[in-house]
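Report on the structure given below.
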Amino acid sequence: MSIDPNTLPPPYRIKVVEPIPFLTADERRRALAEAGYNPFNLRADQITIDLLSDSGTGATSAAQEAAAALGDESYAGARSWFRFVDEVRDLTGYPHILPVHQGRAGERILFSTLLKPGQICISNTHFDTTHANVELAAAEARDLPCPEAADLDSAEPFKGNIDLVALKRVLTGPERQRVGLVLMTITNNGLGAQPVSMANLEAVKELCARHRVPFFLDAARFAENAWLVNQREPGYQDWTPRQIATRAFALADGCVVSLKKDGLSAIGGFIGLRDDDLHAGCEANLIATEGFSTYGGLAGHDLERLAQGVREVMDPAYLRARAASTARLARMINDAGVDTIQPAGIHALYVNAGRLLPHLAPHEFPGHSLGCQLFLDGGIRCAELGSLYLGQMDDQHRLLAPAPFELVRLAIPRRVYTDSHLDYVASILAGIAKSPERVRGYRIVSSPRLLRHFKVRLEPLE
Ligand code: F0G
């Protein structure tokens, strides 16, 4: 009897574990109050299930740790560097690879070298640090997501795509001279972990080539995007995830990659480039600010884990099991009457808190309220993606313009939680969905002017 691959468990077993705490309801109440009702201020040892981020939070493999023991910490030209660069070149095909300690360092170096003040960087959606680094280069970050992305409930397979009509309009209009870069984020983390199709990437490449605009990938989740292409895009069923990822890199002029996600490591990233002059500019900046061009702020043992990680992550059995686990969690949550952005992606689920908590207005922060309730009821930590994070506010913290949606992101660390941990998450959410009206809203007590969501303090409304 042949086995349906979709029913296979993850292709690994667990060898090293760490304990997770279970606080009492009283302890959780006190912890959240002391944290100013901001989950970013909680101590990790107060959290039972941490779904704040899938970045740098994954489990490494025995092969990665064995490789790390061989890490060569030479200042220049270390063995570990050559192992890393060979793997990354083999995957991406870019002649120039610059290592960085994490994705945003790559963004800062690339944008400050490539973008001129006043230029526009166009994206399907900029991630928040990406947006910030474009602005730090005195350029404008402009998002042109495809129209399908605005319907959170539709089953369209590639809602991460860019709006090609809108992109063409800019590239053929009066603003063409100002466009310094087109950056495609795969998968689209800012918009529901939705993948980008190869057809969309090919069309972007064609438009960029015709109008002589550099085309880059923000490829933090290159393997997960490749898996979703294999599963959803006609014509790619016989391609391996690795072939698809390599093809995506081949379409672009270069990339910035945070390897804290699909590099299966706690730290790391790289810039990939074809252009010699751009490489020379970025390399000088790298050496001045991150480290020499054969380590870029990373230790030799990090480079070893990363070299092994970018190979392991392309295993179809791993990607299939990870996608199935997220989809299973989505089904359980949806069956409990809680809506998530459809269709489920891989690295995170985005809960429609605005719809679950209609008694809370945007200025009472329904997404944040749901996040706090998940901690109060079950010790679960996650991130709000709603008006607290994206809304426009005045100096008195009054909400002037709400975010388009009130969402909560449940990010799933790689190889860390079993389906039974995720069953627990679903059951806590289902409990909230049974009596959503008991979830209280929040108001801001104090807030920094920049990057508000990290340090804001709040209190519950009566
Ligand atoms: N690009 C994307 C699409 C990201 O999701 C992230 C980080 C970065 C760039 C920056 O990379 O963290 O290595 O500097 N995303 C994390 C998250 C923080 O939780 O989604 P970094």
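All values reported here derive from a predicted model rather than from experimental measurement. Order of listing sets the numbers, starting from 1, for every ligand and every atom in it.
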> Can you list every ring pair (Phe, Tyr, Trp, His ring centres under 6.0 Å) pair that touches residues 279-319, not counting sequence neighbours?
Replying inline: Tyr75-Tyr295, His96-His279
> Within the side chain of Gln194, is there an N or O that forms a donor-acceptor pair under 3.5 Å with the backbone of Pro343?
Replying inline: yes
> Can a donor-acceptor pair be found between the side chains of Ser112 and Asn285 at a distance below 3.5 Å?
Replying inline: yes
> When you check the side-chain N and O atoms of Glu224 and Thr187, is any donor under 3.5 Å from an acceptor?
Replying inline: no
> Does the side chain of Ser154 pick up a donor-acceptor pair with the side chain of Glu148 at under 3.5 Å?
Replying inline: no
>> Pairing donors with acceptors under 3.5 angstrom, does anything connect the side chains of Glu65 and Thr60?
In response: yes
For a distance cut-off of 3.5 Å, show me each N or O of ligand 1 paired with any protein N or O, plus the separation.
unit_1   : atom_1 : unit_2 : atom_2 : d
ligand 1 : 1 (N)  : Asp218 : OD1    : 3.2
ligand 1 : 1 (N)  : Asp218 : OD2    : 2.8
ligand 1 : 5 (O)  : Asn189 : ND2    : 2.9
ligand 1 : 5 (O)  : Arg221 : NH1    : 3.0
ligand 1 : 5 (O)  : Arg221 : NH2    : 3.4
ligand 1 : 11 (O) : Lys261 : NZ     : 3.3
ligand 1 : 12 (O) : Gln102 : NE2    : 3.3
ligand 1 : 12 (O) : Arg104 : NH2    : 2.8
ligand 1 : 12 (O) : Lys261 : NZ     : 3.4
ligand 1 : 13 (O) : Gly103 : N      : 2.8
ligand 1 : 13 (O) : Ser258 : OG     : 2.7
ligand 1 : 14 (O) : Gln102 : NE2    : 2.8
ligand 1 : 14 (O) : Gly103 : N      : 3.3
ligand 1 : 14 (O) : Arg104 : N      : 2.8
ligand 1 : 14 (O) : Arg104 : NE     : 2.7
ligand 1 : 15 (N) : Lys261 : NZ     : 3.0
ligand 1 : 19 (O) : Ser53  : OG     : 2.7
ligand 1 : 19 (O) : Arg409 : NH2    : 2.8
ligand 1 : 20 (O) : Asn189 : ND2    : 2.8
ligand 1 : 20 (O) : Arg221 : NH2    : 3.4
ligand 1 : 20 (O) : Arg409 : NH1    : 2.9

